[in-house]
*Asks:* 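Quick one: the structure is below, questions incoming.
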Amino acid sequence: MALVVMATGGTGGHIYPAVATAHELISRGHAAMILGQRGGMEERVAAEQGLLFQGVDAGKLARSGQGRPDPRELIRAGQGVAQARAVLSRLRPGVVVGYGGFASLPGVLAAQSLRIPTVLHEQNARLGLTQRLAVRRARAVGTAYERVLGLDPRKASMVGMPVREERMDRMTALNRLNLRAGPLTILVMGGSQGSLFLNNHVPDTLRNILGTEGLLESGSAATTARIDLQFEPQGQRDLFRDLVSEAVGSEAIQVLHSTGPRWFPEVASRVQDMDWYHATGFVDAVAAWSAADLAITRAGTGTLAEAAFHGVPTIMVPLPESAENHQLHNARMVQEAGAGILVEQARVSAELGAAVLQCSSPAVRAEMRDAALGRSPVGAAARFADLIEGSLR
Ligand SMILES: CC(=O)N[C@H]1[C@@H](OP(=O)(O)OP(=O)(O)OC[C@H]2O[C@@H](n3ccc(=O)[nH]c3=O)[C@H](O)[C@@H]2O)O[C@H](CO)[C@@H](O)[C@@H]1O
């Protein structure tokens, strides 16, 4: 039995795979802890998850755009490595696992300088900057995709994206989230920091097509009039009319929108007139996925892997600024599998409403749900834990 240190932080996409793997290792009798940035999101998540946490300084090696790194950030990164060396010299873990992102760097570099074995996990289809710095001395790299750009295939093991493999029964999840049992439940989630773009566009789109005069009054004249207004040409319009009448039945709609903590007040005030629209800063994702019938999301790997595990059809609006547009690539794969609909950001005004209406049909959703489950990353945490155990000194 060994101590495994998870070096991670910054965003949910790096933190939650570490959490899932930590729980798997603990269930095998190992000890696991998170090493990340002091005061970062990872500190809060570790506490919520009952995991030990050690915080150090961390600094970004690249600015979000292009350009040279900020020298103060480089100094912080250096201090972080020194602090992580002190922690790891004391704890002497059997292996340090790096999940990428600037907050994982101190732990991984410190381990390598102390000759403690390191293993990496790359969540995206292209090796990230932090991982590029550490890959040469790492024993193995677990990946979420078959091929990872910039990574020697001999070093790569495709394990999948570790997700929290927990499902709640739907009623329990709805209760936990203070949602009702009858309505079609749409989860809006822009990634771990929220998405300003989705925050600005989704409420109004849903208000227009599903608002109090819309779907909520099944088959009302107002609904049909709205559909007539929005969907040209005639053929499409008829299709949507059929879909809507099939979809609503006795159902109504409710929305759970995770805005990201900083945007919450603004979105909450924008949706306060819609009692079926619930905004929250950050949501318990296991409960939210367990309750959702449909999701509107960005296309980060973690989000899409969770949608697949829970069998939730997803309308994806990839973040155009993601490194080398990797979110577009992620979303295309999901769409090709039939598990979701890709709406490019520039086309949201024209296409998002239509995509929601298309998915309001239970038959359409059932097909997409099966396709999503076909992509489930079930077992990824266990496969990655196997790889980690294989590298223990
Ligand atoms: C802007 C950016 O570069 N995003 C990247 C980042 O995304 P980001 O950090 O947004 O990560 P993902 O979409 O991969 O995952 C978000 C995670 O946060 C959780 N969550 C989110 C909202 C909430 O209210 N509650 C909650 O628990 C989700 O359940 C999920 O586990 O890392 C991913 C994996 O490296 C990349 O694919 C994304 O492109």
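Side chains are part of it too, since the values below use all heavy atoms of this structure and drop only hydrogens, waters and symmetry mates. As the structure lists them, so they are numbered: ligands from 1, and atoms in each ligand from 1. Residues take their numbers from the sequence shown, with the count starting at 1.
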*Asks:* Would you kindly say whether Q254 and T185 are connected by a side-chain donor-acceptor distance under 3.5 Å?
*Replies:*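 The answer is yes; a qualifying pair exists.
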*Asks:* Write out the residue and atom name of the closest protein heavy atom to atom 26 (C) of ligand 1, then the distance separating them to 0.1 Å.
*Replies:*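 Going by distance alone, atom 26 (C) of ligand 1 is nearest to F282 CZ, 3.2 Å.
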*Asks:* Considering the heavy atoms of G12, write down every atom of ligand 1 situated less than 4.0 Å from one of them.
*Replies:*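 Matching atoms, with element in brackets: 9 (O), 17 (C), 18 (O).
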*Asks:* Determine whether V312 and L187 satisfy the following criterion, side chain to side chain contact (heavy atoms under 4.5 Å, CB included), listing intermediate values before the conclusion.
*Replies:* CA-CA 10 Å; V312 178; L187 170 66; over 6 Å; no
*Asks:* Check the angle between the aromatic planes of Y16 and F282 and answer parallel, tilted or perpendicular using the 30° and 60° thresholds.
*Replies:* parallel
*Asks:* Check whether Q345 reaches the backbone of V317 with its side chain - one donor and one acceptor, N or O, closer than 3.5 Å.
*Replies:*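 Not confirmed, Q345 side chain does not pair with V317 backbone.
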*Asks:* Measure the distance from atom 38 (C) of ligand 1 to every protein heavy atom, then report the residue, atom name and distance (to 0.1 Å) of the closest one.
*Replies:* Q327 NE2, 3.5 Å
*Asks:* Looking only at protein heavy atoms, which one is nearest to atom 3 (O) of ligand 1, and what is the separation?
*Replies:* L319 CD2, 4.5 Å
*Asks:* Just by modelled atom types, is the G55 backbone N or O under 3.5 Å from a matching donor or acceptor in the E43 side chain?
*Replies:*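 No, E43 side chain to G55 backbone: no donor-acceptor pair under 3.5 Å.
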*Asks:* Take R176 and D284, measure what salt bridge (Lys or Arg N to Asp or Glu O under 4.0 Å) needs, and give me the verdict at the end.
*Replies:* CA-CA 9 Å; R176 167 103 33 117; D284 169 349; 3.5 Å; yes
*Asks:* Hydrogens and angles aside, do E306 and W289 bring a side-chain donor and acceptor to less than 3.5 Å of each other?
*Replies:*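 Yes.
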*Asks:* List every atom of ligand 1 that sits less than 4.0 Å from any heavy atom of A285, numbering the atoms from 1 in the order shown and giving each element.
*Replies:* 26 (C), 27 (O), 29 (O)
*Asks:* For atom 9 (O) of ligand 1, decide whether some protein heavy-atom distance is shorter than 4.0 Å.
*Replies:* yes
*Asks:* When you look at L256 and I186, which way does the side chain to side chain contact (heavy atoms under 4.5 Å, CB included) test go after all the steps?
*Replies:* CA-CA 6 Å; L256 176 64; I186 302 179; over 6 Å; no
*Asks:* Is a side-chain donor or acceptor of H201 paired with a backbone partner of F197 at a separation under 3.5 angstrom?
*Replies:* yes
*Asks:* Measure the distance from atom 13 (O) of ligand 1 to every protein heavy atom, then report the residue, atom name and distance (to 0.1 Å) of the closest one.
*Replies:* T303 OG1, 2.6 Å
*Asks:* Can you tell me which residue and heavy atom of the protein come closest to atom 37 (O) of ligand 1, and the distance to 0.1 Å?
*Replies:* N124 OD1, 2.7 Å
*Asks:* Among G128, P17, S192, which residue places a heavy atom closest to atom 18 (O) of ligand 1?
*Replies:*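 It is S192 that holds the nearest heavy atom.
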*Asks:* So which atom in R375 and which in L304 form the shortest heavy-atom distance, rounded to 0.1 Å?
*Replies:* NH1-O, 4.1 Å
*Asks:* So which heavy atom in the protein is nearest atom 24 (O) of ligand 1, and how far is it from that ligand atom?
*Replies:*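 Protein heavy atom at minimum distance: S258 OG, 2.6 Å.
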*Asks:* Quick one: does any side-chain atom of K155 pair with a main-chain N or O of A138 as donor and acceptor, under 3.5 Å?
*Replies:* yes
*Asks:* Numbering the atoms of ligand 1 from 1, which are under 4.0 Å from a heavy atom of Q123?
*Replies:*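 With Q123 as reference, the close atoms of ligand 1 come out as 34 (C), 35 (O).
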*Asks:* Tell me the contacting part of R298 for ligand 1: side chain, backbone, both, or neither, using a 4.0 Å heavy-atom threshold, strictly below.
*Replies:*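 The answer is neither; R298 stays 4.0 Å or more away.
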*Asks:* Between atom CG of N175 and atom CZ of R180, what is the distance when rounded to the nearest 0.5 Å?
*Replies:* 13.0 Å
*Asks:* Heavy-atom pairs closer than 4.0 Å: do any link ligand 1 to the side chain of Y16, the backbone, both, or neither?
*Replies:*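 The part of Y16 near ligand 1 is the side chain, not the backbone.
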*Asks:* Tell me if a side-chain donor or acceptor on R76 pairs with a main-chain N or O of A58 at a distance below 3.5 Å.
*Replies:*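 Answer holds: no.
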*Asks:* Does the N or O separation between Q193 and ligand 1 drop below 3.5 Å for any pair?
*Replies:* no
*Asks:* How does E306 reach ligand 1, by side chain, by backbone, by both or by neither, if only non-hydrogen atoms under 4.0 Å count?
*Replies:*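 For E306, the contact with ligand 1 is made by the side chain alone.
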*Asks:* Which of the numbered atoms in ligand 1 are under 4.0 angstrom from any heavy atom belonging to T301?
*Replies:* 14 (O), 37 (O)
*Asks:* Applying a 4.0 Å heavy-atom criterion (strictly less than), which segment of T280 is in contact with ligand 1: side chain, backbone, both, or neither?
*Replies:* neither
*Asks:* Would you call H326 a ligand 1 contact, heavy-atom distance under 4.0 Å?
*Replies:* yes
*Asks:* Could you tell me whether S322 and ligand 1 have an N or O pair separated by under 3.5 Å?
*Replies:* no
*Asks:* Does ligand 1 have an atom that lies less than 4.0 angstrom from a heavy atom of R164?
*Replies:*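 For ligand 1, residue contact (heavy atoms, under 4.0 Å) with R164 is present.
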*Asks:* Can you confirm, on distance only, whether ligand 1 has an N/O atom lying under 3.5 Å from any N/O atom belonging to V283?
*Replies:* yes
*Asks:* A cation-pi test, strictly: NZ or CZ of R167 under 6.0 Å from the centre of the six-membered ring of F309 and no more than 45 degrees from its axis. Yes or no?
*Replies:* yes
*Asks:* For atom 32 (O) of ligand 1, what's the nearest protein heavy atom and its distance?
*Replies:*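 Nearest protein contact, heavy atoms only, for atom 32 (O) of ligand 1 is G13 CA, 3.6 Å.
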*Asks:* Which protein heavy atom lies closest to atom 14 (O) of ligand 1, and at what distance to 0.1 Å?
*Replies:*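 The answer is G302 N, 2.7 Å.
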